[in-house]
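Here's the structure we're looking at; comments come further down.
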Amino acid sequence: MPTFTLAELANLTNCQLDGEYDCAVHSVASLPSAQTGQLAFLNTKDFRQYLPDTKASAVILKPGDAKNCPCNALITSNPSLAYAKAAEALHPLPKKSPGIHPSAVIGSDTNIDPSVAIGPHCTIGDKVVIEAGVNIGPNCIIEDHCHIQQDSRLLANVTLLNQTRLGQRCLIHSGAVIGSDGFGLADDDGKWVKIPQLGRVVLGNDVEVGAGAAIDRGALDDTILADGVKLDNQVHIAHNVRIGEHTAIAAGVGIAGSSIIGAHCMVAGMCGINGHIELADHVHISGMTAVTRSIQQAGRYTGTIPIMSHRTWRKNFIRLKQLDDITRRLEKLENSSS
Amino acid sequence: MPTFTLAELANLTNCQLDGEYDCAVHSVASLPSAQTGQLAFLNTKDFRQYLPDTKASAVILKPGDAKNCPCNALITSNPSLAYAKAAEALHPLPKKSPGIHPSAVIGSDTNIDPSVAIGPHCTIGDKVVIEAGVNIGPNCIIEDHCHIQQDSRLLANVTLLNQTRLGQRCLIHSGAVIGSDGFGLADDDGKWVKIPQLGRVVLGNDVEVGAGAAIDRGALDDTILADGVKLDNQVHIAHNVRIGEHTAIAAGVGIAGSSIIGAHCMVAGMCGINGHIELADHVHISGMTAVTRSIQQAGRYTGTIPIMSHRTWRKNFIRLKQLDDITRRLEKLENSSS
Amino acid sequence: MPTFTLAELANLTNCQLDGEYDCAVHSVASLPSAQTGQLAFLNTKDFRQYLPDTKASAVILKPGDAKNCPCNALITSNPSLAYAKAAEALHPLPKKSPGIHPSAVIGSDTNIDPSVAIGPHCTIGDKVVIEAGVNIGPNCIIEDHCHIQQDSRLLANVTLLNQTRLGQRCLIHSGAVIGSDGFGLADDDGKWVKIPQLGRVVLGNDVEVGAGAAIDRGALDDTILADGVKLDNQVHIAHNVRIGEHTAIAAGVGIAGSSIIGAHCMVAGMCGINGHIELADHVHISGMTAVTRSIQQAGRYTGTIPIMSHRTWRKNFIRLKQLDDITRRLEKLENSSS
């Protein structure tokens, strides 16, 4: 692994260095476990207790914490960001050597750059284009007419169905399925008839897709995730959804068909978003909320039930079906007392 | 791709043709993007605005929209159904040529029809039966004693655990797992002991299973999905569940063990259905509802919290734990004022 | 399959035998379907109706049911546990013969015990250690530096990302992904920068992971599941979560980053557990509950909305946003009437 001086890291992370310019660090570690030669960071107050006794060679922290730092300090208003950059420099992702493993099966009329690495047991379809620097893990399937742009990375066991397009520097985690059929059904007198799903999935640059996530192809037009969209594990994106730039969606969220999510939104875990609705830019949704309608204004929205003891719940939640009656009885009393 | 005249399509889709019988169309497209030679459809009022300016050669629509159609019209009371049939005719699913890819590993005592196509890197177990016209995508696993009936189709990366049975014309999407163990545990003084899961999964004809869905085998008797059941992505079906004909279950729904779902039900996304309960036929459940009890009557049922601004939520939802108290105080006032 | 006498089974399951010591049984079956030579069990009152007419050779049941048993009885206070042990003896999991399938690709510097079975199309990375008796199904991927301890079992299509550690006798179901990246992002002025995920996943002994489950590696320190933890299908465990011994988590649950779950907890299906919170030992959470805060006391907790007809819901749930106002109006009336 590479080694950096603190001067180099300060430069790289845009931090102010309070300490030895030529002190060398070789790896990152958490504040309580770090040793000499390691870099730690302090972001949340939970970890502040570990600062005075840390054995790290340097700590990335906010200006207000610098006075309590027992070692070299890299000072910034955004320790998470500085840490992300330092950690990436110190722990670069191992890249496989270019080349196609002999057990991989490659279709006809493909255009695969010589710098591409393709792992064992991959199945690559016909007319697939894979640009320079792409890294494809073992047991991946890339169907006909897919196009993967420069430096994207598929981990093990990723499935791209036909015609899927990935931008540059995308990162797709294991078990993800991109380009599956949307759930399009027509009712033929009580029996379901499948509506062919003919669109594609198109991902922009720097999109990350979590383990086990599923993104359905469009019914006719495409399902589109813009640059910088980040999906956590097991997210479901239905057909014809469009998601704006740099929106982050946490694990287990489901977005129903044809909804349009703005840019810079944050959707917490296990929310469900109805079909055919629109969310403005900069909308934040709290976890496990049912987004049942469009939201025109930036801001935070919630529909989560607070947890309580089962006994408290049983006593109170029986009243939910009486709420309308309760309100009407209250109105009656108000009228009689006025 | 095949080309059809409008006379042929009208016949195929059971529509009334208002226009040129011999006009040829070669593909479908959405109303705003369609060009000459393409067929569009108008189903929801959202798209009505695009009708007057469409460049499609023909549009499938309801009788009431025919007067505003600037081109040939295929008129029907059910445009979705007519569109599904036309799209399937114009865009037939590409079938792989019969044959077993040399990289596939095939067990002993199998009975695989010569018309079957099996893709690269598949693993087929012992005593597997695969009937005529079945199409198995790359990297699928079909364990011992599975039986797949005519014309079923497994996309890439599907796993069928041992003894799974698929009916005719089933469609299984990537990442789906059918026949996994149910979550059966016995409590041995605080430690869990696994209860062997010995039943099977049996799917009827025309069942569709979405990407990443998981259907557990029965503990002793079988888990059964009847003809025409449709599961969307990431649905979870626990052991010994039984689902009636033509029930459609949207993405992210979980059904706990031994529950019995009626025929022609519709369960919207991310609902959870308790174990050991029964739903009658024709029950519709709104999204993200917890189905905590049996439902004997057809109809629509809901338990979704409406989304609101976080500020409104914080102010009101603290009161949920006071509901019983609020009701009792109201009763007291009512008694004192009467 | 092996055959046992009732005397042997009584001994094995710690039951009291009321009947023929040398009666032989060869398999288990449900109470209504069992035939001569089969063993059934009666645990829940739902099945009591089938006892008088059962054709089983023996039934495992509680003392109170023994008087109605028409055949041999194996009597115990915990029929589920006795059944689990008997079923495991009568239906042992088939073990593949030791050996590495020639289509599997094995990395360098591995340490794989000769008793290990590795199925077709597996990809095993460098420096992997696999101990005696481990069974790895077809199309699995085990990346560099993984370590799998004795007698663990991976079913088909399991992915272990680099450095994952499994204890003894773990059971990992198809489609599971262990060691995927956590969802760590730093905000760079509206754009997300990935925080490298450098920790591992470490599973104790006897851990079971359901189909399609995803367990993320730690950001720096490890994600840890203690001995005997059981995860059902499609569970999501985020980075740095720690789960205590013998906790069982049902299908579709998501646990956000850095939360600590106690020992012997039970989390019902589709709950969401916030990040950075702690649950004490022996906490039980009802299905679909949002666990929004730490819980210090053992007991049952709930936040589930009861299902109701859509009509009842529409009338009452509009009032949820008025709850604070309702309460204040009630207070006003109370004050004016006192």
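In what follows, chains are A, B, ... by sequence order, proteins preceding strands, each numbered from 1. Quick caveat, the model's predicted, so the values are computed rather than measured. For the numbers below, each heavy atom of this structure counts, side chains included, while hydrogens, waters and symmetry mates do not.
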Checking [X] against chain C: side chain, backbone, both or neither under 4.5 Å from a heavy atom?
| X | answer |
| --- | --- |
| A/L171 | side chain |
| A/H282 | neither |
| A/M270 | side chain |
| A/S103 | side chain |
| A/A87 | both |
| A/N157 | both |
| A/A82 | neither |
| A/L31 | neither |
| A/Q234 | side chain |
| A/T304 | side chain |
| A/S30 | both |
| A/Y83 | side chain |

> Which bit of C/A290 comes within less than 4.5 Å of chain A, counting heavy atoms only: side chain, backbone, both or neither?
Replying inline: both
> Hey, what do you get for CD (C/E278) to CD1 (C/I261), rounding to the nearest 0.5 Å?
Replying inline: 9.0 Å
> How many angstroms lie between atom CG of C/L203 and atom CD1 of C/I224, to the nearest 0.5 angstrom?
Replying inline: 10.0 Å
> Most heavy-atom pairs under 4.5 angstrom with chain A, which of C/M308, C/K191, C/H284, C/R329?
Replying inline: C/R329
Just checking, any donor-acceptor pair under 3.5 angstrom between side chains of [X] and [Y]?
| X | Y | answer |
| --- | --- | --- |
| C/N274 | C/T292 | no |
| C/H239 | C/T223 | no |
| A/R300 | A/S286 | yes |
| A/N139 | C/T123 | yes |

> Under the salt bridge (Lys or Arg N to Asp or Glu O under 4.0 Å) test, which residues partner A/E208, sequence neighbours left out?
Replying inline: C/K194
>> Between A/D151 and A/R169, does any side-chain N to carboxylate O distance fall below 4.0 Å?
In response: no
> Can we say C/K127 and C/D109 salt-bridge, meaning some charged N sits less than 4.0 Å from an Asp/Glu carboxylate O?
Replying inline: yes
>> Please rank A/S309, A/S80, A/A211 by heavy-atom pairs under 4.5 Å with chain C and give me the top one.
In response: A/S309
>> Using a 4.5 angstrom heavy-atom cutoff, name the option from A/A250, A/G287, A/A29 with the most pairs to chain C.
In response: A/A29
